[in-house]
Amino acid sequence: MGKEECKTMLDALNKVTACYRHLVIALGSTSDSQNLREELKKTRKKAQELAVANRTKLTSLLKDKSISKEDRAEYERLWVLFSSSMELLEVDMKRSLEIGQEFPIKVPTRHFIQTGMTGSTNAVAARAMSVQNMKYEADSNIDTADLRDLQTEITQVTQMVEEMEMKVQVAPWAVVAKQEAGAELKSNMSVGNSSVGVISICEEEPKDDESGGAREGRSASIGAVVVFFVIVGVALVLGYLVINMS
Amino acid sequence: MQAASLNLLSKHLVGMVTPTSRPLLLLHIFIFPFQAEMILLEMQDPNTGVRSQPQRLVITTIPHAITGEDIVTWLADRLQIDVQEARSFGSMLVALGYIYPLQDHKRLVIKPDTSLYRFQTPYFWPTQQWPVEDTDYAIYLAKRNIRKKGLLELYEQEQYNRLHKWMNHKWDFIVMQAKEQYRAAKERKKPDRVVFDCQERAYWVVHRPPPGTVSAMDYGLDRRTDPNADETQTSDYYERIMIFTQQAIMRPRVKSSVSIGALVKHCATYIGHDPFLSACLPSNPWLTDDTTYWNLNMSNVETPTKMRVERWTFSFKELLSDPRGRDDFRLFLKKEFSGENLAFWEGCEDLKWGTAATMKEKAEQIYKTFLARGAPRWINIDGKTMEVTMKGLKHPHRYVLDAAQTHIYMLMKKDSYGRYLKSPVFKDTVKKAIRPEEHKFNDAQLEQNARNRRPSLSPIILRQQEQELRAKMAANAPVDITQLCRFTTPVPHFSVYSGIIDPPSSNTSPSLPFLPHTPICPSPISVALDSTSASERRLEASEGEGEQNTEARVPDRGNVSKSRVALSLRRLLKRGCSPSAMFASLSPKCHTAAATSSRIQPITPDEPSQAPPRRTGNFFQIKVDIPPECRIYPIESEDEEEENRLASEEVVGTEEIICPWESLTQQNGTG
């Protein structure tokens with residue numbers, strides 16, 4: 001059904017937007033690097049593809065006059081989700097352009113801000129691209145070359161957003177959200193969700209395919225539990241021996 | 001290319017920063033944030049920048065922590081300023097969000113000791129062209145909600161609820177995005193996660209400050225044009241300069257000795273009362289978060305403070321503008337039996353500041369209560385002012401009573417004010433006035449005060465309370481003794497009110513209570529009568545005959561022209577009063593109005609019966625009957641035949657009725 005497809009695509013766009021934001025936050029800091037720029041580029045491209053796909057799908061659905069009222073309300077809600085995602089993406093892209101221009105990689109006198117972040121962001125990017133590992137194959141002048149592409153892409157996105165606002169007659173304030181306050185607490189935000197696969201999110205709660213490796217924290221806590229039991233076992237054995245001895 | 005510009009700008013910045021230019025420095029931080037960014041970039045240099053050390057947490061070690069004292073010394077070195085100034089510069093950087101503290105994250109200051117700070121990532125730098133979005137804040141709060149499992153701080157909770165209400169249409173998006181961002185953040189390693197959390201939290205502490213913190217982000221309104229940008233020097237620009245200077249030349253000038261003398265006098269008088277320049281007793285609430293000062297100086301407080309009472313002696317304006325002072329003055333005037341002056345003045349203020357819809361009624365009320373002949377609280381203004389006012393009342397507007405108000409104000413100022421300051425009422429107040437002790441809070445108490453800050457009563461509630469108070473006051477208002485002239489007020493009217501004065505014939509005709517309308521159409525300043533409906537009925541009964549006599553007397557009048565004006569005025573008021581009767585029916589004492597409203601009939605049938613000169617098509621006519629023996633302003637005509645007056649008063653008393661339509665309709669009804 002069109003609705004399910006739409007939702008899946010929207011969720012994917014949502015995920016990519018979130019990851020893109022994380023990557024942009026790392027720009028200019030000590031976790032910046034050529035890899036980061038490449039990740040940004042790839043994520044951005046993916047976001048654009050998803051955006052275009054979503055837009056065509058949703059506009060075709062909304063243009064359809066023969067849909068019922070509930071359906072229409074649902075599509076309007078999805079449209080609001082989509083347009084909000086696009087707004088975030090647009091802002092993030094503009095900011096990445098600005099920060100990218102301010103912090104070129106290769107200039108030796110230009111130092112990155114020592115923010116305390118030193119790790120790499122490839123896991124985030126991998127999540128965005130829905131792959132296991134990121135492959136880096138860009139040239140060394142990616143920062144300057146990419147910036148030009150980025151500018152064109154920003155204009156494209158801005159145009160798309162404007163078009164959307166003009167053409168689609170959806171009143172965003174009229175949409176009633178399905179989630180109530182505190183809905184984010186309802187999902188099972190358990191520790192071990194490293195979903196590097198496709199996530200299918202339905203309306204109320206996310207069901208994660210926990211098909212991924214265990215997280216560090218998780219392994220650490222498991223290790224702690226194991227150690228604890230080992231110690232208890234040893235204590236019991238020693239006690240038994242002591243009692244036996246006496 | 002950027003390195004060169006960096007050097008240039010840094011030199012520029014150093015050149016601007018001198019020990020005396022601290023306010024300039026702060027100004028520059030606000031106007032040119034990129035200069036701060038230049039400094040920040042220089043700080044990052046591993047060789048010449050600020051020394052960084054690792055921060056050891058329980059499990060992890062996070063690099064790039066800097067100590068406050070390192071920052072301060074580096075700044076002092078680099079910018080060639082003294083330590084104090086370096087400290088304030090550093091505090092500015094922290095307050096703006098370029099550096100954030102790792103301990104005590106809500107206090108955005110540089111502590112020049114070993115407390116740790118860290119640089120903020122460029123994404124979170126405060127730049128003007130990236131406005132802080134509520135959507136982002138909502139996403140952040142949702143993420144925090146997830147992390148804290150629902151236990152947000154109080155102010156965060158409030159913000160969350162507020163955003164949920166106002167951004168409800170986007171809420172699905174916010175929840176989804178929050179979850180996704182939370183998951184994406186988990187993809188990073190533990191130290192980076194900690195740093196990211198700290199960064200985000202610091203960003204929102206700067207841009208959505210928790211209560212009890214000072215925000216450096218208040219920069220005022222966004223303006224369409226930048227006032228600091230250079231203006232192009234077109235001919236229009238020069239023309240404006242010319243016009244300005246021409247007008248400046250034409251302005252009336254005061255000798256500088258005079259104006260400076262006035263300034264000096266003002267400063268000398270008020271220096272003790274200015275909380276910026278001298279201590280505010282008990283303590284300045286803005287500094288110590290202790291609201292005793294405001295509680296002691298509320299408008300309805302029983303005993304004012306000594307400072308406040310002292311202020312009343314500075315000028316009459318001070319006395320009137322302070323509500324407590326005005327109360328005191330009102331009490332004094334009540335004792336002196338000249339309360340109507342203040343009441344009139346207040347009524348005029350009410351008219352000036354009130355809504356346009358109520359202006360007409362208010363003007364009528366004021367006229368009926370204070371200005372008309374025989375008004376219950378007649379005020380004493382001179383003839384010319386009265387003429388002007390009457391003329392203006394034909395077409396009432398906001399400032400129609402300005403002349404009269406000024407006259408009364410000067411009267412009060414020159415006469416009553418002086419006596420007030422020497423009166424026992426004032427002396428009593430001065431004796432009872434309190435001088436509160438100065439608070440001496442130590443730091444812990446100050447922090448506690450800051451924590452215990454609570455918002456005060458909403459202004460809506462305060463206004464409601466004020467209105468209730470005023471209504472209560474109007475209900476219990478003491479009736480003034482109207483002026484000494486018996487020409488203005490027919491004696492019978494005193495019987496209606498609780499008799500504070502007793503002119504000789506006060507009790508002769510209790511059967512002729514005076515104004516049927518004043519109880520029916522109360523205004524905030526009007527006197528509420530003790531009159532009962534019985535007295536009103538009596539009045540109505542006598543009105544008919546009164547009016548007959550009025551008709552008879554009209555041709556006998558000497559100054560017909562004046563009466564004509566007055567008549568037309570009355571005519572207008574008559575017309576105008578019928579809708580006001582509707583409004584009046586809303587007031588508490590208006591049950592009688594409902595009874596009499598049926599008697600208020602349209603004027604037109606009456607018109608032909610009146611003498612033609614009276615008829616004017618004016619909007620607001622007030623007719624003032626002038627008994628033939630008196631002139632309009634009885635103060636001047638005290639020597640008129642009193643017996644004649646007294647004799648005719650019984651009958652003529654009803655001539656003084658301000659709303660003649662009432663009597664006319666009586667005539668209609670009865671005649």
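To find a chain, count down the sequence lines: A is the first, B the second, and so on, and within it residues start at 1.
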Asks: Between Pro191(B) and chain A, which part of the residue has a heavy atom less than 4.5 Å away: side chain, backbone, both or neither?
Replies: neither
Asks: Given a strict heavy-atom distance threshold of 4.5 Å, which part of Ile99(A) is in contact with chain B: side chain, backbone, both, or neither?
Replies: side chain
Asks: With a 4.5 angstrom heavy-atom cut-off, could you sort out which part of Trp171(B) is near chain A: side chain, backbone, both or neither?
Replies: both
Asks: For the interface with chain B, which of Val91(A), Asn122(A), Ile25(A) has the highest count of heavy-atom pairs at distances below 4.5 Å?
Replies: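 Looking at each of Val91(A), Asn122(A), Ile25(A) in turn, Ile25(A) comes out on top.
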Asks: Where does Ser52(B) contact chain A at under 4.5 Å (heavy atoms): side chain, backbone, both or neither?
Replies: side chain
Asks: Stepwise, does the side-chain contact (heavy atoms from CB on, under 4.5 Å) test hold for Thr118(A) with Val195(B)?
Replies: CA-CA 10 Å; Thr118(A) 44; Val195(B) 171; over 6 Å; no
Asks: For Ser83(A), is it the side chain, the backbone, both, or neither that has a heavy atom closer than 4.5 Å to a heavy atom of chain B?
Replies: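 Answer is neither: Ser83(A) stays 4.5 Å or more from chain B.
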Asks: When you compare the side chain of Arg21(A) with that of Asp136(B), does any pair of heavy atoms fall below 4.5 Å?
Replies: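 Asp136(B) vs Arg21(A): side chains touch.
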Asks: So, taking the atom named CD1 in Ile174(B) and the one named OG in Ser84(A), what distance separates them when rounded to the nearest 0.5 Å?
Replies: 8.0 Å
Asks: With a 4.5 angstrom heavy-atom cut-off, could you sort out which part of Ile139(B) is near chain A: side chain, backbone, both or neither?
Replies: side chain
Asks: Is any side-chain heavy atom of His64(B) closer than 4.5 Å to a side-chain heavy atom of Thr30(A)?
Replies: yes
Asks: Step by step, would you call Arg77(A) with His169(B) a side-chain contact (heavy atoms from CB on, under 4.5 Å)?
Replies: CA-CA 8 Å; Arg77(A) 190 183 76 92; His169(B) 60 283; over 6 Å; no
Asks: Tell me whether the count of non-hydrogen atoms from other residues, nucleotides or ligands lying under 6.0 Å of CZ in Arg147(B) goes above 12.
Replies: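 12 or below, so no.
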Asks: When you compare the side chain of Trp125(B) with that of Glu102(A), does any pair of heavy atoms fall below 4.5 Å?
Replies: yes
Asks: Considering only heavy atoms and a distance below 4.5 Å, find which of Ala184(B), Cys198(B), Ala185(B), Gly49(B) pairs most often with chain A.
Replies: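 Looking at each of Ala184(B), Cys198(B), Ala185(B), Gly49(B) in turn, Ala184(B) comes out on top.
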Asks: Flag yes if more than 12 heavy atoms outside Trp166(B) fall under 6.0 Å of its CH2 atom; otherwise flag no.
Replies: no
Asks: To the closest 0.5 Å, what do you measure between NZ (Lys15(A)) and NZ (Lys179(B))?
Replies: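 Separation between the atoms: 15.5 Å.
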Asks: Write down the atom of Gly116(A), the atom of Ile62(B), and the distance for their closest heavy-atom approach.
Replies: O-CG2, 3.7 Å
Asks: Would you say Lys45(A) has more than 12 foreign heavy atoms packed within less than 6.0 Å of its NZ?
Replies: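 Result for NZ/Lys45(A): enclosed.
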Asks: Against chain B, label Val24(A) side chain, backbone, both or neither, depending on which of its atoms sit under 4.5 Å from a heavy atom there.
Replies: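 Val24(A) touches chain B through backbone and side-chain heavy atoms alike.
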Asks: Hey, mind stepping through Thr121(B) and Met117(A) against side-chain contact (heavy atoms from CB on, under 4.5 Å) and telling me if it holds?
Replies: CA-CA 9 Å; Thr121(B) 182; Met117(A) 283 198 173; over 6 Å; no
Asks: Less than 4.5 Å to any heavy atom of chain A: does that hold for the side chain of Ala65(B), its backbone, both, or neither?
Replies: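 Looking at Ala65(B), nothing touches chain A.
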Asks: How far apart are the closest heavy atoms of Ser29(A) and Pro122(B), and which atoms are they?
Replies: N-CD, 4.3 Å
Asks: Could you please spell out the steps behind the side-chain contact (heavy atoms from CB on, under 4.5 Å) verdict for Phe173(B) and Glu87(A)?
Replies: CA-CA 12 Å; Phe173(B) 169 70; Glu87(A) 280 167 18; over 6 Å; no
Asks: Distance check, rounded to the nearest 0.5 Å: Thr121(A) atom OG1 versus Glu187(B) atom CD?
Replies: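 Spacing of OG1 (Thr121(A)) from CD (Glu187(B)) equals 11.5 Å.
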Asks: Would you say that Gln199(B) contacts Thr115(A) through its side chain, given a criterion of any heavy-atom pair below 4.5 Å between the two side chains?
Replies: yes
Asks: Quick one: are Met43(B) and Gln114(A) in side-chain contact, heavy atoms under 4.5 Å?
Replies: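 In short, these two side chains do not touch, never coming nearer than 4.5 Å.
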Asks: Name the region of Phe196(B), side chain, backbone, both or neither, that has any atom closer than 4.5 Å to a heavy atom of chain A.
Replies: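 The answer is both parts of Phe196(B).
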Asks: Can you name the one residue among Gln181(B), Gln177(B), Glu180(B) that meets side-chain contact (heavy atoms from CB on, under 4.5 Å) with Thr17(A)?
Replies: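 When side-chain contact (heavy atoms from CB on, under 4.5 Å) is applied between Thr17(A) and each of Gln181(B), Gln177(B), Glu180(B), only Gln177(B) qualifies.
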Asks: Arg95(A) versus chain B, heavy atoms under 4.5 Å apart: side chain, backbone, both or neither?
Replies: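 It is both, since atoms from each part get that close.
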Asks: Sort Ala178(B) into side chain, backbone, both or neither according to what part of it lies under 4.5 angstrom from a heavy atom of chain A.
Replies: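 Neither the backbone nor the side chain of Ala178(B) comes within 4.5 Å of chain A.
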